[in-house]
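Structure, as structure tokens:
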Amino acid sequence: MSPITGVETVASLRVRLEQTERQMAARQRQLERYAADLREVFKQDRIRAQELRRSYITTVRALSNAVEARDAYTGKHAERVAAYGMELARAIGVEIAESPQIEFGFLLHDVGKVGVPDAILFKSSALTEEEYALVRRHPVIGSEILRDVEFLGEGKLVVRHHHERWDGSGYPDGLRGETIPLAARVFACADALDALTTDRPYRPASSFAVARREVCAGSGTQFDPSVIAAYDRIPDETFERLRGAL
Ligand SMILES: [Fe+2]
């Protein structure tokens, strides 16, 4: 190879190298723009998902408040039970603790009581057998009302099964043990805790310590023993704090 040809080759190689570098830089800038666009799309998607979730929560709370407004005595029962139930789920360490659908189910558990007349729901004397049978239909009425609300997902199982008992003597389906959805087993414990620690027309509220003894006594009959074990790891102060925050 002559020296001139060699110089030309180096010069043309340098030109090609510079061209390649410019192309690479342009490709890099293009990729960075794609990445920035993708990040923006994800961000917008996340914002929309959060907005959607907030509107679901607002809707569920509005419905839950509408149900509760009927009964001056229970006050914020649904919100307390939802808070206690989510605390219990976290103590058990299962994925239901992360599920907004389960929390929706906790909040809406008694929505079926809209199908029970006031004269029966607030009757001060003992209920007749027919009246009691009607009251016991509220989980079925509730799950019928919510049947087509897709975003409630598994929350609807809480509505249907929140009065089942571990020993199979509950209603509406008489489910037993682990055939009862876990969220409904968790709910049953939270519901009993709130009922015992709330004033009722016929008795004053118990302290959380007294309520704990009573709830724990139902382990293996009314309640799932593993849920009660998780409950027993949560101090009374946690439930007091949750109640105070509402
Ligand atoms: Fe109920």
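Start at 1 and go down the list; that is how both ligands and their atoms are numbered. The chain is numbered in sequence order, starting from 1.
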Under 4.5 Å side-chain heavy-atom separation, chaining through any Ile, Leu, Val, Met, Phe, Trp or Tyr, what else clusters with Tyr34? Say none if it is isolated.
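Leu31, all in the cluster of Tyr34.
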
Measuring only between side-chain heavy atoms, which start at C-beta, is Phe104 closer than 4.5 Å to Phe151?
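Yes, their side chains come closer than 4.5 Å.
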
Quick one: does Leu182's side chain get under 4.5 Å of Arg185's, heavy atoms only?
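Side-chain contact under 4.5 Å: yes.
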
Do His138 and Asp110 have side-chain N/O donor and acceptor atoms under 3.5 Å apart?
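There is such a pair (donor and acceptor under 3.5 Å, judged by atom type) between the side chains of His138 and Asp110.
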
Is there a donor-acceptor contact under 3.5 Å linking the side chains of His109 and His77?
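The answer is yes; a qualifying pair exists.
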
May I have the step-by-step check of side chain to side chain contact (heavy atoms under 4.5 Å, CB included) for Tyr84 and Arg243, ending in yes or no?
CA-CA 8 Å; Tyr84 299 168; Arg243 180 170 65 180; 3.4 Å; yes

Nearby protein N/O/S atoms (those under 2.8 Å) for the Fe ion (ligand 1), with water ignored
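N, O, S partners closer than 2.8 Å: Asp110 OD1, His138 NE2, His162 NE2, His163 NE2.
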
